[in-house]
There are 2 protein chains.
Amino acid sequence: MATIPKSERTKARVLREALSLAGSVGFAGLTFGTLAEQAGISKSGLFAHFESKEDLQIQTLHLAEEMFVDRVLRPAVKEARGTPRIRRLFDGWMEWIQSGAVPRGDILTSAAFEFDDAPDGPMRAAVVEGHGKMQGTIERLARQAVEAGQFRKKTDPAQFAFEFLGIVHAHHHARRLLRTDQHARRARAAFDRLLETYTR
Amino acid sequence: MATIPKSERTKARVLREALSLAGSVGFAGLTFGTLAEQAGISKSGLFAHFESKEDLQIQTLHLAEEMFVDRVLRPAVKEARGTPRIRRLFDGWMEWIQSGAVPRGDILTSAAFEFDDAPDGPMRAAVVEGHGKMQGTIERLARQAVEAGQFRKKTDPAQFAFEFLGIVHAHHHARRLLRTDQHARRARAAFDRLLETYTR
DNA sequence: CGATGCTACGACCGATCGTGCTTTTCTTCA
DNA sequence: TGAAGAAAAGCACGATCGGTCGTAGCATCG
C-alpha cells in the first residue's frame, strides 16, 4: 500500500499553519513560539522539520508560490494567448488578493515588500527570484500579445510588466493600508488604461 | 536673548539620528538600544524625550514629513498650476527617492508599507493620515490641471492620484528589491503615459 | 546666588526571540 | 515482534526587546 509517511503529513499541516500565520503577521512575525502554539506542537518539535527560521520562511514562501501557480497562473494559461490570457491573469490575481485564500491579501507581494530592504540572505534571494519569475512571465505574455497582433509592434515587454506589477501592488497596498475593497475599481480602471495604450 | 534651550538641541540631534536609522533599518528596527548607541546617549536618557517607542516613531515620522514638504512639495508649488506643477512634484519625488536624503529611498513610502498590516495604533493612524494628505494633495493638483484646461473635463482626480502614487511606489519598491536605479526610466515612462492619457 | 526641576545615567526587569542539547515517545520495517 | 531510527518533547542558554526606577548632576530662572 502507498504508505503516506506520517511525518510528511505533519509537516504539510504545520506548513499550512505557517502560511496562514505569515499571512496575518508577516514572515518576520512567523516565530517558532507562535507557530508551535498554533500548530499544536512543541517549539523544539518544529526543529525536526525545519533547521532554522530562515528554512521555515523559505519553505512557507515556496508553498505560497505553489498555491499562486495553481490558482492564478494555471487558469490563466488555459486562455488563448494574448490579451485574453493577460486579462485572465489580472482577474485571477485580483481575486487572489481579495479571496483571503490567504487572510491579508497577496502573501507573495507582502513578502516582496517585507524583504526588499532586508540584508542579503537566502530568504531575500528567494523573494527576488520569485519576483524575477513573475516579471519574466508577464513579459512573455506581453510578447505573445505582440505576436498575436494585439499589442503594438514596438511594445517594450519589460515596461509593460513593470506597470502591470505596479498596478497589482498598488491595489494590494491600498487594500491593506486603508482596509477597504473600493480600490479594486481603481486598479481595474488603471489596468484597462494600460491595456488600451498598449493595444494598437 | 533668544535662549536656545539645550534640551531641544539634543532632541533635534537625536531625532536626526533616529531618522537616519529608520531610513536604513526601518521604523520597526528603530530600537532604543541602537538609537542610544548611535546618538551617543544612554537608553534611559532617551526616555527623557520620548515616552515610548511609539512616540519616538511618530515624532520621527513627522520629521520626515516636514523634510518631504520642504524638499519636494514646496518647490513643486512654486511652479505654475496644472501640468508643470504635477511634473515638478513627480521629478522632485524621484529625486527624493534617489538622493539618499534618507539612505534607502522614500522613508514615507517605506513607513506606509511597514505599517499597512500593523494592528491599529497611533503610528498606523499617523501613517494613514499622511497617505490621505498626499492623496488629497495630488487630487487637488489634478483638479487644477482640469481647470487650467490641460486635463480632460471628465478626469477623476482620485483615480489620477491612485495611479500617480502607484508609479512612485513601484519605483521605490523596485529600487529597494533589485538595488538598481534602472527603474527610474520605467517609472518615468509610466508617468509620461499617465500624463498623456489624462491630457486632452 | 541658590533652589528647583529637567536631563541623563546605570542597573535591572520580565518577556520573547532563535536555537542548542538530552531524553522520551512513536513509526517504520526486517 | 523487536530493533533501529526518526519525531517530538523538555529544558536551558544567551541575546535583545521595550520599559521602570532611583539617583546624581547640571541648566534654568526667580
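First the proteins, then the strands, lettered A, B, ... as listed; each starts at 1.
The separation between B:K11 atom NZ and C:dC6 atom P is 14 Å, rounded to whole Å. Remark: C1' of C:dA8 and CD of B:E37 are 17 Å apart, rounded to the nearest angstrom. Look at CG on B:L35: it is 16 Å from C1' on D:dT16, rounded to the nearest Å. In this structure, CZ of A:R9 is placed 13 Å from C1' of C:dT28, rounded to the nearest angstrom. Rounded to an integer number of Å, the gap from A:F32 CZ to C:dA15 P is 23 Å.
Residues satisfying the ring-ring contact (aromatic ring centres under 6.0 Å, His included) test with A:H183, not counting sequence neighbours, are none. A:H173 meets the ring-ring contact (aromatic ring centres under 6.0 Å, His included) test with B:F113, B:H169; sequence neighbours excluded. B:P122 meets the side-chain contact (heavy atoms from CB on, under 4.5 Å) test with B:E54, B:I58; sequence neighbours excluded. B:R81 is linked by a side chain to side chain donor-acceptor pair (under 3.5 Å) to nothing, counting only residues two or more places apart in sequence or in another chain. With sequence neighbours excluded, the residues forming a side-chain contact (heavy atoms from CB on, under 4.5 Å) with A:S42 are A:S44, listed by chain and number. For B:F115, the ring-ring contact (aromatic ring centres under 6.0 Å, His included) test picks out no residue, with sequence neighbours left out.
Ring planes of B:F164 and B:W93: tilted class, angle from 30 to 60°.
Taken residue by residue, residues 40-56 of chain B places heavy atoms nearer than 4.0 Å to DNA chain D at B:K43, B:S44, B:F47, B:S52, B:K53.
Five base pairs at each end of the helix from C:dC1-D:dG30 to C:dA30-D:dT1 define two local axes, and these are offset by 20° (rounded to 10°).
For the pair B:T31 and D:dG18, the criterion of a side-chain N or O lying under 4.0 Å from OP1 or OP2 is met. At the phosphate of C:dT7, neither OP1 nor OP2 sits under 4.0 Å from any side-chain N or O atom of B:T10.
Residues in residues 8-33 of chain A take part in these ring pair (Phe, Tyr, Trp, His ring centres under 6.0 Å) pairs, two or more places apart or across chains: A:F32-A:F47.
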